Amino acid sequence: MILSDKRILEEIEKGTIIIEPFKPECLGTNSYDVHLGKYLATYTDRVLDARAHNKIENFEIPKDGFVLQPGTLYLGVTLEYTETHAHVPFLEGKSSTGRLGIDIHATAGKGDVGFCNTWTLEVSCQQPVRIYAGMPIGQLIYFGVDGEIETMYNTKGDAKYNNKTTKPVESMMWKNEF
């Protein structure tokens, strides 16, 4: 089941959901709106290698915005830092974002119980579009968990995305053995 607005507020009060900064006006009927942080990143190499540590270059979105170009993968980051200690968070694009031809994730819309960080976005677009830091970019929805959690994400020694950051994080696929 997806948590309702009242239930999200109850979980925030209990401390099982943390959203910083939290703004009541961003709470929807069953979701919370998140915003684009001020940093974007692109990979330095055009051809990426799943076994290599592909480097990125971070840059700040100018005050007058930045024009995304089709055919380029941009890594973005949410302005909001979140913690989820008893639910499974999902990040989805807002319909207004989608109607501009912007996708905010390729495959990584689900978080884990115990995820404590900003969300790195995998941003792509259908046609050139100007974006701005602070614009609404997505919405978090929370699902209940059936059963006990054996290992929370933030306690896993091999968790790849546990380091708190305000900048986008590149793929850590290279840390896997294959």
Side-chain angles (χ1 to χ4, degrees), residues 8 12 17-23 25-28 31-46 48 50 53-85 87-126 128-142 152-154 156 159-175:
I8 291 170
I12 288 171
I17 293 175
I18 295 170
I19 303 170
E20 296 173 352
F22 176 81
K23 295 181 180 178
E25 63 270 19
C26 294
L27 184 62
S31 64
Y32 185 85
D33 288 349
V34 294
H35 302 81
L36 182 61
K38 64 181 180 178
Y39 296 106
L40 288 177
T42 55
Y43 284 98
T44 57
D45 293 324
R46 187 72 181 155
L48 304 178
H53 186 179
N54 300 284
K55 305 291 184 188
I56 59 172
E57 290 180 346
N58 286 289
F59 59 95
E60 196 167 329
I61 299 171
K63 296 273 188 235
D64 60 347
F66 178 81
V67 178
L68 299 175
Q69 297 295 327
T72 299
L73 173 64
Y74 299 90
L75 299 179
V77 66
T78 58
L79 175 67
E80 291 81 5
Y81 167 86
T82 68
E83 294 185 12
T84 309
H85 299 287
H87 303 88
V88 178
F90 274 75
L91 177 65
E92 295 295 333
K94 293 184 62 58
S95 61
S96 297
T97 307
R99 291 173 190 178
L100 291 172
I102 302 169
D103 292 316
I104 66 164
H105 65 76
T107 61
K110 180 191 72 64
D112 287 305
V113 178
F115 177 75
C116 303
N117 213 336
T118 55
W119 290 69
T120 293
L121 310 171
E122 304 136 359
V123 182
S124 61
C125 62
Q126 299 300 310
V129 59
R130 184 174 301 275
I131 60 167
Y132 302 87
M135 69 183 271
I137 196 77
Q139 53 193 346
L140 286 170
I141 56 176
Y142 297 93
M152 304 276 278
Y153 185 81
N154 60 335
K156 291 175 82 172
K160 297 181 199 85
Y161 304 104
N162 256 343
N163 295 328
K164 189 173 179 180
T165 183
T166 58
K167 293 183 178 176
V169 178
E170 68 273 24
S171 172
M172 297 294 172
M173 176 66 77
W174 61 274
K175 290 186 174 185

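Keep in mind that this is a model prediction, so the values were computed, not measured.
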With rounding to the nearest 0.5 Å, note down the distance linking CG in L75 to CD in E122. 7.5 Å

How far does CE of M173 sit from NE2 of H53, to the nearest 0.5 angstrom? 13.0 Å

Do T84 and F115 have side-chain heavy atoms sitting under 4.5 Å apart? no

Smallest heavy-atom separation, L121 atom then L36 atom, equals CD1-CD1, 3.9 Å

From NE2 (H105) to CD (E92), nearest 0.5 Å: 4.0 Å

How far does OH of Y81 sit from CD1 of I18, to the nearest 0.5 angstrom? 6.5 Å

To the closest 0.5 Å, what do you measure between CZ (F66) and CG (L40)? 6.5 Å

Could you walk me through whether V123 and I137 pass the side chain to side chain contact (heavy atoms under 4.5 Å, CB included) test, one step at a time? CA-CA 10 Å; V123 182; I137 196 77; 5.7 Å; no

Straight-line distance of D112 CG to M152 CE, nearest 0.5 Å: 10.0 Å

Ring centers of F22, Y32 separated by less than 6.0 Å: yes

Residues at least two apart in sequence or cross-chain that pass salt bridge (Lys or Arg N to Asp or Glu O under 4.0 Å) with K23, listed by chain then number, are none

Is the number of heavy atoms from other residues, nucleotides or ligands under 6.0 Å of D64 CG greater than 12? yes

Just by distance, do the side chain of E80 and the backbone of H35 share a donor-acceptor pair under 3.5 Å? yes

Could you tell me if the side chain of N154 sits less than 4.5 Å from the side chain of N162, heavy atoms only? yes

Donor-acceptor contact present, side-chain N117 to main-chain T165, <3.5 Å: yes

